[in-house]
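First the structure, in the form of structure tokens, and then the observations on it.
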Amino acid sequence: MATGAVENQEQMIEGASARPGRAGTRAIRWIGDQIIDNPIFLRELRRRMRGRALFIAMIAYIAIMCAVAFVVIFAKTMEIRTSEVVNIHFKMKEMSDQLFTWVAVIQGVLVLLVGPIITAGIATSEKEKKTLDFLQVTTLHPWAFVIGALASTMLYILLVLLCALPVLSITFLFGGRAPSDIAASFGSLLLLSMILSAGGLWIASIRERSRSAQSALLFVVGIIIVNFLLLRFFAGRMLSLGGGGSALLPFSSFAPGGQVNIFGVGVRAWHADIIGALIVIAFFALLAARRIFNPENRALSYWQGLVFFAVAQLLVAAQLWGPRMPQPDIIPGAGIVTWALLMVGVLVYQTGRVEMGNEVWRLKRRFRFLRGIDESVIHQLMLIGLWVLIAQWWLRSTVAYATQPQVTHRLWIQTLWFVTANALFAGALGRFFAHLTRTRSSALRWTFLTLLILYVILPLAIIFLVKMNSAYASQFTVRLTVLAHVPWVYLGQLGGENVIRELGNVPFEGGILQTAPLVYLVLAGVFYFLAFSLHRSRRIDPDYGVAQRPERPISEKPFIRADIFQILRRDAAELD
Amino acid sequence: MIAIKGLTKEYKNVTALRDLTMTIAQGDIFGYIGPNGAGKTTTIKILATLVKPTSGHAEICNYNILTQPDDVKRVIGYMPDFFGVYDDMKVWEYLDFFGAAYKIEKTKRRKIIDDVLELTDLGEKRNDFVEALSRGMKQRLCLAKTLVHDPQVLLLDEPASGLDPRARIEMRELLKELRNLGKTVLISSHILTELSDFCNTIGILEKGELLAAGEVSAIMDQIKGARIVEITLRQADDAPRAHDLLIAHPEVTAVEIDGADLQVEVPITCDDVSFINEALTTSGIRITSFRESEIDLEDIFMKITKGAVQ
């Protein structure tokens, strides 16, 4: 009976995937099945669309939209009535623009916050309600969970956007706005919301409670939005961004003239934005899928991290390659992206557990001198090595096609030198905090806080003070040049965005551009020294071979290969 | 059906399971008993592929839990001791959700849902919201969810915990139905009298170590060591004479007197104890009761375990 049951069961379960058809049809069916017959998707739709909550929320939302539209139209009408000379067409277009902007802003705020909060809630509620075990013992794949959660959330977001369509359509009556504007706004918001929602899933996959996930999420959403704005603003200004692309997505920021160069082939900015957004969504979704059912899973192995970095780096490099290559001032802009990528990689490695892991044990077997070095330091060096390697190739192709090879070469060396030194400093800082604190999250928190103060808060405060009172500029003439050590000022300086000179004619000599990397190298040395001193002060646990503080272990579950040195010794003996 | 070899699970400072080795045959109802913290839930979670063992391995229906977890998930049904439900779903939606999660075709799910609802006696609650169900019904719904993909092996961790007596009896009847369906069941429980009703094999675990495993009757024999017959005499004055009479019999190993009551011990190999009755009655000693002392799971449990927890 049991054997029969197994056969029936296998037929029952396999039946769905064994349907005939061409490969293309099967692929479409598979995607359809992943969404339409996705249990998470169906469950979330049922739960969210059922009951009065959605109805009331939508009524309230539409009422706010109508009220905003009414206020804008009323205010503009009053203005037209009271004005003596009026260009009625111009005023109506102005009204149309204002109405569109206000509705889009309200939609944007709602959509960008609601999306990630919903997806984070879907994942953490499984943990809070103790239903995750049930899901884990089914054959439901983590990807199906992620796809279902994202698809159901996006459908909800689409509903929110479409509900405002009648209000937005009022703009057509006054002119100045085309349906394509609304489509572009909806598309950008959907994509950005999807990025944040996927990020929300990832955060929720590593957090136990909704509140904790949501607070972490708001922090990340803030960071992402600020980063996007910064990238858009600085990169855009630096590279004299000319039209095209989305106002919200930064991926085409490096697209002078509305086109992105991929190995000499021009890609429209809009397409670049969509491709960029999809890559980021896929990356977040991958991280979420890896950990959603098992938070102890590692998001990516070190090698996968290196591959991801290399691919991202090549995508940046691809823009500088080929006869379509733009002016050399694009180099610092690309340097900012590389710097951001390198920072993420370095911080992830360096704030990791204090351990002697098993991923480079082959290297340790080969090179004896590596055995005494922290695994994470080796990975950081590999990451930076990879960057320098790609940068060399990048440099050659850039100079080869440059209209001013000398200038390009100099810019390149300065960018490379600064980014490398700065990454080393950030890594050393991360390592220091990893040894000083108990967990990776607190090490990351402290490192981020320090970098935030150094790179954002302090420089912005100084700029604000100087801007408020230009008399400060002359008082702090020399001291203000310290701002050149801030990465975005430094790289902006290289790209022609002279922040320091704008601060009240402060004399700024090029020499500082050479010394800034040296300062970071010295700081990196200091923090590595402190980190290693802390490292040595701890006892070595003979059972695990893991360096720990006596009473406050860095990690409760260290990722180790406890027998690594036995293997190394055995191998060495065999080789002898 | 379930083969466990050298399973060990270590947490930070605790060894939850220590070199566990046992086999459960197809169709067995295996009662897994042990004090709190003995490692029962850990074993079940490892078998359900939710927790990875520190060392050792296990196979369910010849699928390795470490290397073929997806195959294992298809053949097991897991019900934890403490679980949550999606309150804002209807009963049929809840089961449909898990049917879809097991990739059962949409067209077949409806019939399967009807079948498991009938089996668990929840047919009338089909369109009710889960939050409106009583605790016992939620427990039955959880069991229905566990059965939705027709698993061969059921891993039930304290399925009757927290239920009132009626719900407990209903759950017991349901488990008997599953036994009749030929499922292999590994069930852990603290309520040993319930297990003794329908388990044919048991395993006793303490401090992560398996102290005894096998058929219930074999373990009982092993524990008992001897058969004990309890006799009550009509007159207590006859007790010394009865003692002398019985102790002289070659099959009797010991006789104890407590007023008019006698406890006669014979070897476990002795098939027939009617000779005791015959010897007493032919000697004119009148008896009011004659019965063989039975031991149950509780006695076995108390004899084997020491009450130690980790």
Side-chain angles (χ1 to χ4, degrees), chain A residues 1-19 33-34 36-51 53 122 125-141 144-145 148 293-294 296-297 543 553 555-558 562, chain B residues 1 11-13 26-27 45 47-52 61 69-90 93-94 96-109 111-112 129 142 145-146 148-153 155 157 181-184:
Chain A
M1 187 261 163
T3 317
V6 178
E7 283 166 6
N8 287 340
Q9 178 199 26
E10 285 181 355
Q11 281 169 10
M12 190 166 73
I13 291 170
E14 300 298 334
S17 55
R19 278 177 288 173
D33 284 349
Q34 287 300 305
I36 294 165
D37 200 26
N38 183 309
I40 303 292
F41 177 72
L42 289 175
R43 185 192 70 187
E44 290 307 316
L45 281 191
R46 277 177 184 143
R47 290 164 86 178
R48 203 167 300 130
M49 302 297 171
R50 180 180 281 160
I122 293 172
S125 72
E126 298 285 353
K127 296 176 194 172
E128 282 177 337
K129 288 185 173 178
K130 308 274 179 202
T131 47
L132 192 63
D133 278 1
F134 284 165
L135 281 182
Q136 279 177 282
V137 294
T138 66
T139 47
L140 185 77
H141 197 277
F145 186 98
F293 283 174
N294 190 357
E296 284 187 5
N297 272 352
D543 291 338
S555 159
E556 288 185 357
K557 191 176 181 301
Chain B
M1 185 60 70
Y11 291 106
K12 196 179 168 191
N13 298 317
Q26 186 175 345
K45 283 196 166 184
L47 292 177
T49 70
L50 291 172
V51 171
K52 284 194 174 133
C61 299
D70 286 342
D71 294 313
V72 170
K73 285 173 185 174
R74 281 197 293 119
V75 295
I76 60 160
Y78 167 66
M79 183 173 170
D81 53 345
F82 181 73
F83 60 88
V85 285
Y86 304 121
D87 284 334
D88 46 2
M89 290 175 92
K90 291 182 177 176
E93 288 172 351
Y94 184 78
D96 187 66
F97 171 78
F98 282 101
Y102 278 110
K103 299 185 178 69
I104 299 170
E105 273 185 84
K106 206 172 185 177
T107 47
K108 294 178 179 171
R109 289 209 289 266
K111 180 165 186 330
I112 292 169
F129 277 97
C142 182
K145 166 225 86 93
T146 308
V148 86
H149 62 298
D150 191 21
Q152 290 170 267
V153 176
L155 306 171
D157 194 359
L181 287 173
K183 306 278 183 200
T184 305

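In what follows, every chain begins at residue 1, and chains take the letters A, B, ... in the order their sequences are listed. All values derive from a computational prediction rather than experimental measurement.
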B:Cys61, part contacting chain A, at a heavy-atom distance under 4.5 Å: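 No part of B:Cys61 comes within 4.5 Å of chain A.
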Under 4.5 Å from any heavy atom of chain A - which part of B:Val85: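 Only the backbone of B:Val85 comes within 4.5 Å of chain A.
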Atom group of A:Leu132 that falls short of 4.5 Å from chain B, counting heavy atoms: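 Neither part; nothing is under 4.5 Å.
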A:Phe145 portion near chain B, given a 4.5 angstrom heavy-atom threshold: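 For A:Phe145, neither part sits under 4.5 Å from chain B.
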Distance-only donor-acceptor check, side chains B:Tyr78 and A:Gln136, under 3.5 Å: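 Looking only at side-chain atoms, A:Gln136 and B:Tyr78 do not form any donor-acceptor pair under 3.5 Å.
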Partner chain A: residue of B:Phe83, B:Phe82, B:Tyr86 with the largest heavy-atom pair count (under 4.5 Å):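 The answer is B:Tyr86.
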Verdict with supporting geometry, A:Val137 and B:Tyr102, side-chain contact (heavy atoms from CB on, under 4.5 Å): CA-CA 9 Å; A:Val137 294; B:Tyr102 278 110; 4.2 Å; yes
A:Phe134 six-ring face occupied by B:Lys145 cation (under 6.0 Å, within 45°):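 Geometry flag: set, cation within 6.0 Å and 45°.
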N-O pairing of B:Asp87 and A:Arg47 below 4.0 Å: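 Judged by the 4.0 Å cut-off on N to carboxylate O distance, B:Asp87 and A:Arg47 do not form a salt bridge.
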Side-chain ion pair, B:Lys45 and A:Asp133, N-O less than 4.0 Å: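 Salt bridge between B:Lys45 and A:Asp133, a charged N being under 4.0 Å from a carboxylate O: yes.
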Backbone N/O of B:Asp88 and side chain of A:Arg50: donor-acceptor pair under 3.5 Å: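 Confirmed, A:Arg50 side chain pairs with B:Asp88 backbone.
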Nearest-0.5 Å distance that lies between atom CZ in B:Phe97 and atom CZ in A:Arg46: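 Nearest 0.5 Å value for the CZ-CZ distance: 10.0 Å.
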Least distance between heavy atoms, A:Thr138 atom then B:Lys73 atom: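 In terms of heavy atoms, the two residues are closest at O-CD, 3.3 Å.
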Pick from A:Leu135, A:Thr131, A:Asn38 with the largest number of heavy-atom pairs that fall under 4.5 Å of chain B: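 Most heavy-atom pairs under 4.5 Å with chain B: A:Thr131.
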Heavy atoms from other residues, nucleotides or ligands near NZ of B:Lys52 exceed 12 (cutoff 6.0 Å):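 Not more than 12 within 6.0 Å, no.
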